[in-house]
Amino acid sequence: MQPYLDLLQHVLDHGHDKPDRTGTGTRSVFGRQLRFDLADGLPLVSTRKIHTRTLIVELLWFIAGGRNNNELRDQNVTIWDEWADPETGDLGPIYGHQWRRWPINPADPDAGHVDQLANVIASLRDNPHSRRHIVSAWNVAQLDDMALPPCHTMFQFYVTPPQAESERSEGSGPDDAKPRLSCQLYQRSGDLFLGVPYNIAGYSLLTMMIAHVLDYAPGEFVHTLGDAHLYHNHFEQARTQLRRHERPKPTVHLNREVTSLFDFTPDDITIRGYDPHPPIKA
């Protein structure tokens, strides 16, 4: 996670102080990129504790096309409470809805929809070297209907061919004989202390899960950030985190019997070896 920690330090030292919609104020930089090799484990911050069950439940909710906060609250996940309709729990056509039910005509509910995520998985299987493996949440026609416009706006997959047998070393593992699946996320706005650690781990886990159902090996997660910022009331928390030493990355273990991305449950995903420092309140 050193690239993430380096970015925290860079923003503290060189960022620009700017106003923001919350009135809190941020210190930000524009246009940064982080890279993580998923073969080394799950890039999950260990300089403070991340709630892994929340991470998994929210990701599965996105994958299922969820848009109602009550589905999260039923599983004791409350991170979307601030934006949900207090009576119905509705959040509008946010991330998962766009991933799974992008409307062909927003004005006509009967016009049908596009299941971007299912289509991408089929394309990765049938035409792995296409340059069109893209899922977008930035539906311009529906931004005003969303409780919060998407911060992580689109992601793209890339397949690396497997190593030829003649190129493999004696210590090569079974994954060296498989294609490698990488993912790049574009995030227009990144709350570096609270949100970005979840974004890094969530999209890395999504990439691992898709690689699993395709019998590919996990490759890289590439995180491209537009406005990367720290809120002014997170400076001391970030400095506390930067004084701590990173610990080894945890590993992800997925139920081998699951063969469809849409069949995963929380019980099918296990994160092992996560030994973080204590939480930091913010």
Side-chain angles (χ1 to χ4, degrees), residues 1-38 40-52 54-56 58-59 62 77-83 94-95 137-138 148-155 183-207 220-247 249-250 271 274 276-282:
M1 292 301 295
Q2 195 59 48
Y4 164 74
L5 297 174
D6 290 344
L7 180 56
L8 276 185
Q9 188 69 66
H10 179 77
V11 171
L12 282 170
D13 294 344
H14 304 291
H16 307 283
D17 289 317
K18 298 178 64 176
D20 75 289
R21 64 178 174 80
T22 72
T24 307
T26 65
R27 183 169 295 173
S28 75
V29 297
F30 184 66
R32 291 296 184 273
Q33 189 174 85
L34 312 176
R35 306 184 79 97
F36 304 94
D37 186 350
L38 302 184
D40 295 338
L42 182 68
L44 186 61
V45 166
S46 63
T47 45
R48 69 179 180 94
K49 185 177 181 181
I50 297 295
H51 197 269
T52 57
T54 294
L55 171 77
I56 292 169
E58 184 193 39
L59 176 59
F62 287 158
V77 172
T78 59
I79 56 175
W80 279 91
D81 282 6
E82 180 180 350
W83 293 281
I94 62 167
Y95 298 101
W138 193 260
L148 185 69
C151 293
H152 28 113
T153 58
M154 67 169 266
F155 51 103
C183 175
Q184 178 169 211
L185 168 68
Y186 181 76
Q187 184 163 354
R188 67 168 179 90
S189 173
D191 174 349
L192 287 174
F193 186 77
L194 285 180
V196 166
Y198 280 90
N199 304 141
I200 293 170
Y203 278 90
S204 296
L205 179 56
L206 174 65
T207 305
E220 276 190 302
F221 173 62
V222 183
H223 195 173
T224 301
L225 289 146
D227 186 316
H229 55 266
L230 278 167
Y231 283 98
H232 284 180
N233 58 355
H234 293 167
F235 286 2
E236 289 308 312
Q237 290 92 329
R239 292 185 179 111
T240 297
Q241 189 170 350
L242 287 164
R243 288 193 291 269
R244 297 175 174 180
H245 295 290
E246 272 283 289
R247 293 174 177 171
K249 287 181 183 177
I271 297 173
Y274 186 43
H277 290 264
I280 303 173
K281 292 184 178 181

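Model, not experiment: these values are computed from the prediction.
Counting heavy-atom neighbours within 6.0 Å of Lys249 NZ, excluding the residue itself, gives a total above 12. By the 6.0 Å contact criterion, NE2 on His245 is open, its count of non-hydrogen atoms from other residues, nucleotides or ligands being 12 or less.
Residues Gln2 and Leu5 form a side-chain contact, since some pair of their non-hydrogen atoms from C-beta on lies under 4.5 Å apart. Side-chain atoms of Leu230 and Leu8, non-hydrogen and from C-beta on, do get closer than 4.5 Å to each other. Proximity of His277 to Arg247: side-chain heavy atoms (C-beta onward) are separated by under 4.5 Å at one or more points. The side-chain heavy atoms of Phe30 and His16, taken from C-beta on, include no pair separated by under 4.5 Å. Side chains of Ile50 and Tyr274 form a contact here, defined as non-hydrogen atoms less than 4.5 Å apart. Looking only at side-chain heavy atoms (C-beta outward), Ile271 and Ile56 come within less than 4.5 Å of each other. Two residues are said to be in side-chain contact when any heavy atoms from C-beta on lie closer than 4.5 Å; Thr47 and Glu246 meet this criterion. At least one side-chain heavy atom of Asp17 sits less than 4.5 Å from a side-chain heavy atom of His232.
In this structure, Leu194 and Ala282 approach most closely via the heavy-atom pair CD2-CB, 4.1 Å. Contact between Leu42 and Ala201 at its shortest, heavy atoms only, is CD1-O, 3.8 Å. Of all heavy-atom pairs between Leu192 and Pro197, the closest is O-CD, 3.3 Å. The two atoms that bring Leu59 and Gly202 nearest to each other are CD2-O, 3.6 Å, heavy atoms only. Summarising the geometry of Gly190 relative to Leu225, their closest heavy-atom pair is CA-CD2, 4.0 Å, with the distance given to 0.1 Å. Nearest heavy atom pair, residue Pro149 against residue Trp138, reads CB-CZ3, 4.2 Å.
Using modelled atom types, one side-chain atom of Asp20 and one backbone atom of Gly25 make a donor-acceptor pair closer than 3.5 Å. A donor-acceptor distance shorter than 3.5 angstrom exists from the side chain of Arg27 to the backbone of Leu12, with no hydrogens or angles considered.
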Leu34 and Phe221: CA distance, side-chain angles, deciding distance, side chain to side chain contact (heavy atoms under 4.5 Å, CB included) verdict
CA-CA 8 Å; Leu34 312 176; Phe221 173 62; over 6 Å; no
Under the criterion side chain to side chain contact (heavy atoms under 4.5 Å, CB included), I'd like the reasoning laid out for Met1 against Ile200: C-alpha separation, chi angles, the key distance, then a yes or no.
CA-CA 10 Å; Met1 292 301 295; Ile200 293 170; 4.1 Å; yes
Please step through side chain to side chain contact (heavy atoms under 4.5 Å, CB included) for the pair Tyr4 and Gln241, ending with a clear verdict.
CA-CA 11 Å; Tyr4 164 74; Gln241 189 170 350; 3.6 Å; yes
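Centroid-to-centroid, the aromatic rings of His152 and Tyr95 come within less than 6.0 Å.
Atom CZ in Arg35 sits 8.0 Å away from atom OG1 in Thr224 (nearest 0.5 Å). To the nearest 0.5 Å, atom CG of residue Leu148 and atom CD of residue Glu82 are 9.0 Å apart. To the nearest 0.5 Å, atoms CD (Gln9) and NE2 (His14) are separated by 8.0 Å. For the atom pair CG of Asp40 and CD of Glu220, the computed distance is 10.0 Å after rounding to the nearest 0.5 Å. Between the CG atom in Asp191 and the SG atom in Cys151 there is a gap of 8.5 Å [rounded to 0.5 Å].
Judged purely by distance below 3.5 Å, without hydrogens or angles, the side chains of Thr22 and Thr24 pair a donor atom with an acceptor atom.
None of Gln33, Gln187, Arg32 except one satisfies the side chain to side chain donor-acceptor pair (under 3.5 Å) rule with His223; the exception is Gln187. Partner of Tyr203 under the ring-ring contact (aromatic ring centres under 6.0 Å, His included) criterion, chosen from Tyr186, Tyr198, Phe62, Phe155: Phe155.
In this structure, Tyr231 and His234 have perpendicular ring planes: the angle between them is above 60°, well past the 30° mark.
Scored by the salt bridge (charged side-chain N to carboxylate O under 4.0 Å, His left out) test, Arg244 finds no partners at all (sequence neighbours excluded).
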